[in-house]
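To start, the structure itself, in structure tokens.
The analysis underlying the following values was restricted to heavy atoms, covering all of them including side chains, and did not include hydrogens, waters or symmetry mates. These numbers were taken from a predicted model, which means no experiment stands behind them.
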Amino acid sequence: MGSLIASAMLFVFPFAVSAYFFAPPPFNLRMDDPQTLPVIVAFVVVSIVGTHLIEKVRRERNVALEAAARLRRGAAGLRDREKQWREIFEHSPVMHFIVNTTGMVLNVNTFGATQLGYAPSELVGHSVLNVFLEDDRPFVRERVSLCIETVGQSHTWEIQKIRKDGSVLWVRESAKAMLGADDKLVVLIACEDITERKRTETALRRSEAHLAQAQELSRTGSFGWNVATGEVHWSKETFRIFQYDPSTQPTPQLVVDRTHPEDRADVRETIERAVPNEEDFEHEYRLLMPDGSVKHLHAVVRATRNAFGDIEFIGAVTDITAAKQAEQQLRRSEAYLAEAQHLSHTGSWSWDVHRLEFVYRSAETDRLFGFEPGQAVSIETIRSRIHPDDLPRLQDVPRQAIIRNGGHFEYDFRILLPDGAMRRIHSVAHAVVGSDGNVSELIGTHMDVTEQHAARERLERALAALRESEQRFRDYAETASDWLWETGPDHRVTLLSEHTSAAGLPASEVVGLLRWEIARDFDAEPEKWHQHRATLDARLPFRDFIYRTLTQMGSPIYVRTSGRPFFDADNNFLGYRGVSTDITATIRADQAERELRKAQAELAHVTRVTTLGELTTSIAHEINQPLAAIVTNGEACLGWLGRETPDLSAARRSVEWIIEDGIRASEVIRRIRALAKKGEIEMVPLDINDIVQEVIALVTRELVGHQVKLRTELAPALPLILGDRVQLQQVITNLVMNGIEAMQMVRDRPRELMIQSSRDDMGHVHLAVTDCGIGITEDDADRVFNPFFTTKSSGLGMGLSICRSIVEAHGGSLSIARKQEPGATFQFVLPFHKEVVS
């Protein structure tokens, strides 16, 4: 309307002006001048143009007004939307940040600032990094840079923000860069609070970790098996138990493959029975691992149906190898303990001090009391097994434990067994205090010390005997002629008993000296002392070492000493201990004995020579006989050779006889020379029968000359003896010649001499020479072996004495056998060869 009025006024105003100046009075439209027409036309054109312009201006004005109105409405709407969006921005339940390219906060909604515990003004104008962990800030810078580099693209990440109070807020941030109102890039960040989700995830992961840890700790894996789909699920621990790689697709066949061959059939049977019956099952089986080791498993499986109605088996499998091994170890330990208790005779027990009964008793305790294993016994039965004298003391132990409310007890008592035997028990116990603070039990051990008690008694008796023996030997030592000595590691004398004074060696002068400094034959017998020093250096015992020394008065004495080294507990050498004896008298007696033996040998030789003299006739006959035979055979040989036709065969026989007679004569001379020989004794194995034959060969002539008939009974296969041939020939010759002489006066009976050899009951070689002569009187029988005793007018009385010495030197004995008939029997026995050697 406004524009129309304006247009009308613009049309009227020019017309009125034109009419006032150029038109006649009102309402006269006449044109008086033709030139007026162009004016009028111009006027009309101008009016039309003006009117058009005015209309155009009016329309533009209206458009402008309308645009202005629209702008005003748009601005109002924009302000409304801005207000609305601001309201949304402010009250959005999502945290929003607007930051510039440097990360400075341009804006933050009140919700977001409040969520972080700040007022918006505390965040605006500050770096957005302030609300992040120090470690996350590089990541935030990288994310902001990425948004700026990719304007318009959204990016999402999850990160922790730090509240003003220091607590953590997990957010899921979505951000993108965009142009701001001033055409500058800003980054709009929307943050979704995911703290609870994170907590849930953390709790879930923790739960899963705890479950995995629990399965690992308990060695229990879980599994599931959908029979219809064949889907199998194993936990991580299940894979570890079966030692399959976690990437392996688990199947029931894997279980069977890993099962021990001996248990595989049972496992298959269990599975095949459980599937069609949809039944739970529980079983134990073993696995044979790739390295050859064996695992024991315990599986518990439940059958269930899932939401689709399929059968599923869900279960747990536990590695009970350690438990099995522990169980076996426990059984073995129990067996060892039982065996140890049996070997040590020690039983363990637990006694209820209020109910007065065994809570526990081992098998060895039953054995000690004579109970059957596990036998129920009453308190009366137990008391009946206790010695009456020990029962009060035993009953007092529980009372004392209750009164003292604890304590340790050790006591002895005796057990009387049904068979009358008695056991001595040493018991150790301590009181057990229960949760109520009172003593409830006594736990202890019973040890059978019967043997120890008996051993202690034996030891005490042995100690008493040892003390008595020690005193006895001390008395012996103090009264003996031997003296004791002791040296240190350097072989210097450290101890010498007082007995040395009796031998002329005062201890005060000997202690501190080396043992070889005491001796006086060290230089005279260097080899002996060298060997002795070697024995000492080797720390070996020595026995009967003899050395010479001088007494305090300068007299030589001989000392025989024996010693052995002694050591401490660590086997360190401490020296020698020993005993010494003054054997001067013995040495001198030995020297005298040697001289006597030498004299006896000389005398024996003289006796043999004398006997040979007596046998001169026989010897001459024995020699002449073969010599005469030699001459005769020689003449015969010449005769056989001197024939016209020499008889060589007969001559050969004569020569052979000559040789035999020559050997015979040579043998007689050899025997005479051997008997007359003065030489050393030569002990060799001999046959006594051979010696008898040799003697007979020498005395045959004497036997014939004295009309004595010789009979021999020589046992065959006698054992050899060890002896000197010449000395034994002398003994037998003496006995034969004595028998011949004893029968010289016999006229009323045949003169008969018997030589017998045999083996006596002791296994010795026995030889007897029996004559039928005048015999020996009872008085002479005791003296006949004494030196210089003789019943012959021309005898020396040394023959039988020397014979007895010879026989005794051979380990035998010479004696006279009693007989009822006339005459006498001289006999001797000698040990056979092996006995002498042994």
Q | Ion pair check, Glu694 and Arg725, cut-off under 4.0 Å | A | yes
Q: Determine, stepwise, if the pair Phe567 / Leu574 fulfils side chain to side chain contact (heavy atoms under 4.5 Å, CB included).
A: CA-CA 5 Å; Phe567 305 86; Leu574 299 180; 5.5 Å; no
(Q) Between Glu656 (side chain only) and Arg653 (backbone N and O only), is there a donor and an acceptor less than 3.5 Å apart? (A) no
Q | Aromatic contact, Phe832 with His764 (centres under 6.0 Å) | A | no
Q | Donor-acceptor pair between Thr584 and Asp582 side chains, under 3.5 angstrom | A | yes
Q: Compare every heavy atom of Asn633 with every heavy atom of Ser654, then report the nearest pair and how far apart it is.
A: CB-O, 3.5 Å
**Q.** Sidechain-backbone polar pair: Asn572 side chain, Asp568 backbone, donor-acceptor under 3.5 Å
**A.** no
Q: Check the surroundings of atom CZ in Arg652: do more than 12 heavy atoms from other residues, nucleotides or ligands lie under 6.0 Å from it?
A: no
Q) Where the side chain of Thr549 meets the backbone of Ala519, is there a donor-acceptor pair that is under 3.5 Å apart? A) no
Q.
With a 3.5 Å distance limit and no angle check, can you tell me whether Arg751 reaches the backbone of Val746 through a side-chain donor-acceptor pair?
A. yes
Q) Would a 4.5 Å heavy-atom cut-off, applied to side chains only, mark Val699 and Thr733 as touching? A) yes
Q) For Thr487, does its backbone N or O pair with a side-chain atom of His491 as donor and acceptor, under 3.5 Å? A) no
Q: Go through Ile755 and Val736 one step at a time and tell me if the side chain to side chain contact (heavy atoms under 4.5 Å, CB included) criterion holds.
A: CA-CA 9 Å; Ile755 300 177; Val736 171; 3.9 Å; yes
Q) Is the backbone of Tyr558 close enough, under 3.5 Å, to the side chain of Arg560 for a donor and an acceptor to pair up by distance? A) no
Q) Shortest non-hydrogen contact from Leu753 to Val708? A) CB-CG1, 3.7 Å
Q. Is Thr551 reaching over with its side chain to a backbone N or O of Met553, donor-acceptor style, under 3.5 angstrom?
A. yes
Q. Is Lys528 salt-bridged to Asp521, going by a charged N under 4.0 Å from an acidic O?
A. yes
Q. Passes ring pair (Phe, Tyr, Trp, His ring centres under 6.0 Å), Phe542 versus Tyr576? Steps please.
A. CA-CA 10 Å; Phe542 62 87; Tyr576 272 85; 5.7 Å; yes
**Q.** Neighbour count above 12 (heavy atom, 6.0 Å) for Met745 CE
**A.** no
Q: Return the minimal non-hydrogen interatomic distance between Asp661 and Ala629, and the atom names on each side.
A: OD2-CB, 2.9 Å
**Q.** Heavy-atom closest contact (Asp523 atom, Pro526 atom, distance)
**A.** O-CD, 3.4 Å
(Q) So, applying side-chain hydrogen bond (donor to acceptor under 3.5 Å, both in side chains) with Thr561, which one of Tyr547, Trp483, Trp485 is it? (A) Trp485
Q) Between Ser562 (side chain) and Val579 (backbone), is there a donor-acceptor pair under 3.5 Å? A) no
Q: Applying side chain to side chain contact (heavy atoms under 4.5 Å, CB included), run through Ile816 and Thr825 and close with a yes or a no.
A: CA-CA 6 Å; Ile816 301 175; Thr825 298; over 6 Å; no
Q.
So if I apply the side-chain hydrogen bond (donor to acceptor under 3.5 Å, both in side chains) rule between His532 and each of Glu525, Glu527, Arg515, which one comes out positive?
A. Arg515
(Q) Determine whether a donor-acceptor pair (N or O, by modelled atom type, separation under 3.5 Å) exists between the side chain of Thr700 and the backbone of Ile696. (A) yes
Q: Using a 4.5 Å cut-off on heavy atoms from C-beta on, say whether the side chain of Val559 contacts that of Ile583.
A: no
Q) Sub-3.5 Å donor-acceptor pair from the side chain of Asn689 to the main-chain atoms of Ala715, do we have one? A) yes
Q: Write down the atom of Pro831, the atom of His810, and the distance for their closest heavy-atom approach.
A: CD-O, 3.6 Å
Q) Any chance CD of Glu509 has more than 12 other-residue heavy atoms, nucleotides or ligands included, within less than 6.0 Å? A) yes
Q.
Please find the pair of heavy atoms, one from Leu814 and one from Arg804, that lie closest to each other, and give the distance.
A. CD2-N, 3.6 Å
Q. So how far is it from Leu638 CG to Arg643 CZ, rounded to the nearest 0.5 Å?
A. 13.0 Å
Q. Only one of Val449, Asp448, Thr450 clears side chain to side chain contact (heavy atoms under 4.5 Å, CB included) with His345; which?
A. Asp448
Q | Test side chain to side chain contact (heavy atoms under 4.5 Å, CB included) applied to Leu686 and Leu720, step by step | A | CA-CA 5 Å; Leu686 299 172; Leu720 298 178; over 6 Å; no
Q: For atom CZ of Arg543, decide whether the heavy atoms of other residues, nucleotides or ligands shown that lie under 6.0 angstrom number more than 12.
A: no
Q: Calculate, to the nearest 0.5 Å, the distance between atoms CG and OG belonging to Leu718 and Ser758 respectively.
A: 7.5 Å
Q.
For the CZ atom on Arg749, are there more than 12 heavy atoms of other groups (residues, nucleotides or ligands in this structure) within a distance under 6.0 Å?
A. yes
